[in-house]
Amino acid sequence: IRAEAIAALGTWAEPSLTDRVDGVYRGPVKRDPEQVKAKVTGPAGNWLRENDPAVVLATGALLRELSVTNYQQQMGELVRSAASADVRSGMLTELSRMNYAGLDELVEAAMKDTDENVRTTGIGLLSVVKPDNERMMTIARPILRKGSLREQQQLLKVLDGIPAER
């Protein structure tokens, strides 16, 4: 329930046109996002330290939706050290959507993760990090040789998106 409540805070400024419960059309509603931003900025750090992965993931999404950058460092640490692979992968995705300055280091760490899903997320973000050709070849070779099928498919998607002249 806490995760759902945190997720609902993210849409408070511009909620859905229809009611979440009964689907009745409510019309457009615009609220000042600074009000909810001010309320969640303090407790968000504690929410990121929760044991429940759903709460942590909802908090990451909330911080992204409200453009709260104060906790990016803490979110980055979760990519490296969270017990839950879902949290590691989710925080990496949220930080990429927030244009986090240290994303390249986190992507590199994610590609060395023990969990296939985290590695696949990291590989998918190579298109955002855009390593140079030599670095991309260094990254691609071991994945193509020993990576899982999902990792190889994700790498091929990334490589397909690179312009030929690069």
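Quick caveat, the model's predicted, so the values are computed rather than measured.
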*Using atom types as modelled and distance alone, determine if a side-chain donor or acceptor of T11 lies under 3.5 Å from a backbone N or O of A8.*
yes
*From R88 CZ over to D113 CG, what is the distance, rounded to the nearest 0.5 angstrom?*
4.0 Å
*When clusters are formed from ILVMFWY side-chain contacts under 4.5 Å, directly or step by step, what else is grouped with V29?*
none
*Kindly work out whether a path of hydrophobic side-chain contacts (I/L/V/M/F/W/Y, heavy atoms less than 4.5 Å apart) joins L62 to V56.*
yes
*Do V79 and V118 share a hydrophobic cluster, counting only Ile, Leu, Val, Met, Phe, Trp and Tyr and linking them when any side-chain heavy atoms are less than 4.5 Å apart?*
no
*Can you list the steps and then say if M91 with Q74 is a side chain to side chain contact (heavy atoms under 4.5 Å, CB included)?*
CA-CA 10 Å; M91 289 299 115; Q74 189 175 351; over 6 Å; no
*side-chain hydrogen bond (donor to acceptor under 3.5 Å, both in side chains) partners for R150, two or more places apart*: N117
*Roughly how far apart are T18 OG1 and Y25 OH, rounded to 0.5 Å?*
9.5 Å
_Can you confirm whether Y100 sits close enough to M75 that some side-chain heavy atom of one is under 4.5 Å from a side-chain heavy atom of the other?_
no
*Check side-chain hydrogen bond (donor to acceptor under 3.5 Å, both in side chains) between K146 and all other residues, then give those that pass, not counting sequence neighbours.*
none
*Measure the spacing between CD1 of I6 and OG1 of T59 and express it to the nearest 0.5 Å.*
4.0 Å
*Nearest heavy-atom pair of A82 and V87: which atoms, and what distance?*
CB-CG1, 3.6 Å
*Verify whether one side chain among E151 and T120 offers a donor that lies under 3.5 Å from an acceptor in the other.*
no
*Rounded to the nearest 0.5 Å, how far does CD of Q152 lie from CG of L159?*
11.5 Å
*Is there a path from I143 to V128 through hydrophobic residues (I, L, V, M, F, W, Y) whose side chains come within less than 4.5 Å of each other?*
yes
*Nearest heavy-atom pair of A3 and A58: which atoms, and what distance?*
O-CB, 3.5 Å
*With a 4.0 Å cut-off, would you call E14 and K30 a salt bridge?*
yes
Could you go through residues 37-49 and list every donor-acceptor pair under 3.5 Å that involves a side-chain atom there, pairing it with any protein atom two or more places apart or in another chain?
residue	atom	partner	partner atom	Å
K37	NZ	L66	O	3.3
T41	OG1	K37	O	2.5
N46	OD1	R49	NH2	2.5
R49	NH1	G45	O	3.4

*asked:* So, taking the atom named CG in L95 and the one named CD in Q72, what distance separates them when rounded to the nearest 0.5 Å?
replied: 6.0 Å
*Applying side chain to side chain donor-acceptor pair (under 3.5 Å) between S148 and each of Q153, Q154, R119, E116, report the one that passes.*
E116
_Side-chain touch R80/L106, heavy atoms, less than 4.5 angstrom_ = yes
*Check for a donor-acceptor pair, side chain of S67 on one end and backbone N or O of L63 on the other, with a separation under 3.5 Å.*
no
*Please round to the nearest 0.5 Å and tell me the distance separating atom CG of L92 and atom CE of M111.*
10.0 Å
*Can you list the residues that meet the side-chain hydrogen bond (donor to acceptor under 3.5 Å, both in side chains) rule with R97, with sequence neighbours excluded?*
none
_When you compare the side chain of R31 with that of P15, does any pair of heavy atoms fall below 4.5 Å?_
yes
*Please check if atom CD1 in I1 has more than 12 non-hydrogen atoms from other residues, nucleotides or ligands closer than 6.0 Å.*
no
*Indicate, with yes or no, if L103 and V158 share a hydrophobic cluster defined by side-chain heavy-atom contacts under 4.5 Å among Ile, Leu, Val, Met, Phe, Trp and Tyr.*
yes
*With D19, which residues qualify under side-chain hydrogen bond (donor to acceptor under 3.5 Å, both in side chains), at least two apart?*
R26
